[in-house]
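Atoms considered below: every heavy atom in the structure, side chains included; atoms not considered: hydrogens, waters and symmetry mates.
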Amino acid sequence: MHQALVLPDLLREILSHLQVQKRWNDTADTKRERQHLIWVALTCKAFLDPALDVLWFRIDSLTPLLKLLDGFRWAGDFYVIGGPLPPENLLRFNRYAESVRELEYRRDEYIHPSIFHRLLVTRRAPLLPGLRVLQWEDADSSSLEPFFLLSPSLERVEIKLAYSRTVIPDDHAFQAFMYALEDTAPFLQHFSFSGTLRHNYLQSLPRFATLRSVKLVGKAPLAESEIPVALTTPNMYYSFSILEHLTSLDIDVDGLQTFYDLHYYQFRALRYLRLSGHLNIIMSTLATVSTGQLECLELYFSNTKPHDLPTLFVKIAHRFPRLGALKVHAATPSWRQPVEQLPFANVLGPLLSLSLLEDVNLELENVALVIDDENMAALAAAWPLLQSFSCHYSVVSSSISPTLWCLFAFIYHCPSLLSLSIHVRMSMPAANGWQPSSVHGLKMIDLLEWPGDYIDVAQTAMILDSLFPKLDLETITKESWRSSTWQAVFQTMLRGRNAWHVQDGTMVMMPLGMANM
């Protein structure tokens with residue numbers, strides 16, 4: 001055996017490519033992937049432990065682990081552990097339990113809770129002592145079994161409550177779980193919660209001093225006896241640890257009270273912020289987040305008042321000058337709501353001061369932007385670092401729109417651009433005007449059709465291939481959602497790739513049969 005294969009780090013890197021990615025109950029593929037690791041483990045003694053560690057690294061069921069115990073048996077209605085647990089049997093169980101780093105847990109009604117009690121009393125150690133990631137799926141907030149999954153090694157906990165039509169008036173079990181998590185996992189860095197928010201769910205959150213990211217997605221029950229949940233509780237008001245160290249915050253603001261007065265809270269380390277819900281609450285939240293270090297901002301809301309967008313974009317540009325990524329999705333609350341035309345200067349104009357932007361994704365469903373080639377050129381010049389740009393809005397046939405000419409602005413000003421998706425009119429100037437000064441590296445393009453515009457398939461294919469010779473046509477042509485016309489354009493480009501030639505200073509298409517001569 002080559003000496004390089006004895007190096008633990010190199011061996012782990014090789015075996016990581018054999019790691020099982022599917023669920024344990026997926027039959028054919030999973031069995032094959034697991035069999036590969038078992039064969040590696042049986043190859044030689046040096047491979048045994050590393051291969052088994054990879055094999056048990058991530059599991060989505062505790063049943064395979066519990067089956068290692070001789071006393072694990074069916075009792076008629078559920079599984080139990082019967083009889084004694086021999087030391088050699090526990091030693092084998094402990095060997096594999098210590099290898100588990102990630103667990104996707106769902107309550108199994110056929111596993112009796114006494115199994116967890118039995119193992120805890122017998123082993124006097126956490127069930128999975130090396131567990132780093134706990135994903136609690138379809139969580140029952142009154143369940144007690146997850147208490148036995150807590151371990152000091154936990155770094156990430158993700159909880160998704162199961163949907164329930166009934167509201168538990170005094171949900172103390174989950175509150176106790178949060179307190180136990182605080183006591184057990186001193187190095188927890190990432191916490192995610194999805195489901196119905198209750199007041200007692202968040203009380204212990206400020207005391208997780210090592211938290212780096214928080215995700216809260218869901219709404220308060222808003223029963224008559226309850227008021228909206230406050231994201232910043234009085235405890236947070238006096239404890240700055242969660243605010244000072246967070247790098248990522250993702251919350252659904254619906255059902256949450258507006259923030260306390262956080263004029264002296266700095267969120268010094270915050271780099272990523274994602275907010276979804278009512279625009280008014282989002283605006284209020286942005287006004288309290290005082291950080292000049294924010295690099296990525298994502299906003300999702302139902303846009304009932306399109307004329308609020310200019311105010312939103314002014315606030316974004318003013319408060320977050322270092323933004324590198326911006327995503328705004330303003331959904332239409334009702335198909336009956338009329339589309340409002342807004343000028344470029346009022347909507348996107350304020351964002352031109354954000355010169356560090358690299359990725360921009362705007363979905364403005366009930367807004368018709370009045371934008372032309374000059375506006376698009378100003379946008380490209382203002383964002384020279386742009387790598388991905390997508391701007392979709394409602395199209396009104398009588399409105400002003402940029403033409404194919406605006407593509408030149410992105411070629412000259414945005415050399416790193418890889419993906420572009422915008423509305424354009426199919427204006428077709430003389431073909432000899434489509435000669436860029438350098439080869440651009442754009443990989444993906446999506447030019448949305450304008451109502452009533454005629455697309456000359458051959459000429460459009462020639463123009464796009466001249467401007468962007470590095471387009472990934474193999475991937476583009478596989479995207480079935482495109483219209484038949486654009487499918488024809490990209491199919492023509494794919495067939496004629498490298499078949500263009502210059503004749504009397506004009507780009508013309510060589511007959512496909514000559515391309516192979």
Side-chain angles (χ1 to χ4, degrees), residues 212-216 231 243-253 259 262-263 265-301 303 306 308-331 342 344-364 367 369 371 375-393 409-410 413-422 444:
R212 294 299 179 268
S213 71
V214 172
K215 179 178 181 179
L216 301 175
L231 178 65
L243 302 174
E244 291 183 343
H245 300 299
L246 275 185
T247 60
S248 173
L249 181 61
D250 180 347
I251 59 174
D252 182 346
V253 298
F259 277 37
L262 305 183
H263 60 278
Y265 285 180
Q266 297 300 314
F267 289 90
R268 293 180 179 88
L270 197 64
R271 296 293 186 271
Y272 171 83
L273 176 63
R274 182 185 185 277
L275 303 174
S276 59
H278 291 296
L279 180 57
N280 289 340
I281 303 180
I282 288 177
M283 296 276 281
S284 175
T285 304
L286 291 178
T288 63
V289 177
S290 178
T291 173
Q293 303 300 316
L294 198 70
E295 297 173 356
C296 181
L297 176 64
E298 297 185 13
L299 306 177
Y300 301 82
F301 53 87
N303 188 24
D308 285 340
L309 286 177
T311 305
L312 172 65
F313 288 132
V314 167
K315 185 181 293 292
I316 291 174
H318 175 67
R319 301 193 67 83
F320 311 115
R322 297 181 59 84
L323 271 186
L326 174 64
K327 184 172 184 177
V328 177
H329 188 177
L342 295 176
F344 168 86
N346 291 356
V347 181
L348 300 184
L351 299 179
L352 299 187
S353 63
L354 301 176
S355 59
L356 300 179
L357 280 175
E358 297 180 5
D359 299 290
V360 178
N361 189 324
L362 305 176
E363 296 278 348
L364 313 176
V367 171
L369 277 182
I371 181 172
N375 299 142
M376 200 64 79
L379 182 148
W383 299 339
L385 304 180
L386 209 57
Q387 297 182 18
S388 173
F389 178 58
S390 175
C391 183
H392 299 168
Y393 49 88
F410 291 101
H413 297 296
C414 305
S416 302
L417 188 65
L418 298 176
S419 177
L420 179 65
S421 180
I422 56 175
M444 303 295 297

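- Each of Leu312, Leu275, Asn280 was checked for a side chain to side chain contact (heavy atoms under 4.5 Å, CB included) with Phe301, and the lone residue meeting it is Leu312.
- From Leu364, atom CG reaches atom NE2 of His329 across 9.0 Å, with rounding to the nearest 0.5 Å.
- Partners of Ser421 according to the side-chain contact (heavy atoms from CB on, under 4.5 Å) rule, which considers only residues two or more places apart in sequence or in another chain, are Ser390, His392, Asp446.
- Scanning for salt bridge (Lys or Arg N to Asp or Glu O under 4.0 Å) contacts around Glu298 gives Arg274, with sequence neighbours left out.
- Remark: Ser213 pairs with His190 by the side chain to side chain donor-acceptor pair (under 3.5 Å) rule, at least two apart or across chains.
- Within the 4.5 Å cutoff, the side chain of Arg322 has no heavy atoms near those of the Glu295 side chain.
- Considering only residues two or more places apart in sequence or on other chains, Leu297 meets the side-chain contact (heavy atoms from CB on, under 4.5 Å) condition with Leu273, Leu286, Leu294, Leu299, Ile316, Phe320, Leu323, Leu326.
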For residues 375-384, which side-chain N or O atoms pair as donor and acceptor with protein atoms under 3.5 Å away, sequence neighbours left out?
residue	atom	partner	partner atom	Å
Asn375	OD1	Asp372	N	3.1
Trp383	NE1	Leu351	O	3.2
Trp383	NE1	Leu354	O	3.4

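- Residues Phe313 and Val347 come closest through the heavy atom pair CD1-O, 3.1 Å.
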Practice item. Step by step, work out the side chain to side chain contact (heavy atoms under 4.5 Å, CB included) result for Leu348 and Leu362. Key: CA-CA 10 Å; Leu348 300 184; Leu362 305 176; 3.3 Å; yes

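- Partners of Gln387 according to the side-chain contact (heavy atoms from CB on, under 4.5 Å) rule, which considers only residues two or more places apart in sequence or in another chain, are Glu358, Asp359, Ser416.
- Remark: Asn346 engages Pro310, Pro343 in a side-chain contact (heavy atoms from CB on, under 4.5 Å) (not counting sequence neighbours).
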Practice item. Carefully, step by step, assess Leu369 and Cys391 under the rule side chain to side chain contact (heavy atoms under 4.5 Å, CB included). Key: CA-CA 10 Å; Leu369 277 182; Cys391 183; 4.0 Å; yes

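- Every residue two or more places apart in sequence or in another chain was checked for a side chain to side chain donor-acceptor pair (under 3.5 Å) with His413, and none qualifies.
- In terms of the side chain to side chain donor-acceptor pair (under 3.5 Å) criterion, Lys315 has no residue partners (sequence neighbours excluded).
- Closest approach of Pro350 and Ala317 over heavy atoms only: O-CB, 3.2 Å.
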Check your understanding: Where do Tyr393 and Ile371 land on the side chain to side chain contact (heavy atoms under 4.5 Å, CB included) test, with the steps shown first?
Key -> CA-CA 11 Å; Tyr393 49 88; Ile371 181 172; 3.4 Å; yes

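- Take Arg212 and apply the salt bridge (Lys or Arg N to Asp or Glu O under 4.0 Å) test, not counting sequence neighbours, and it matches no residue.
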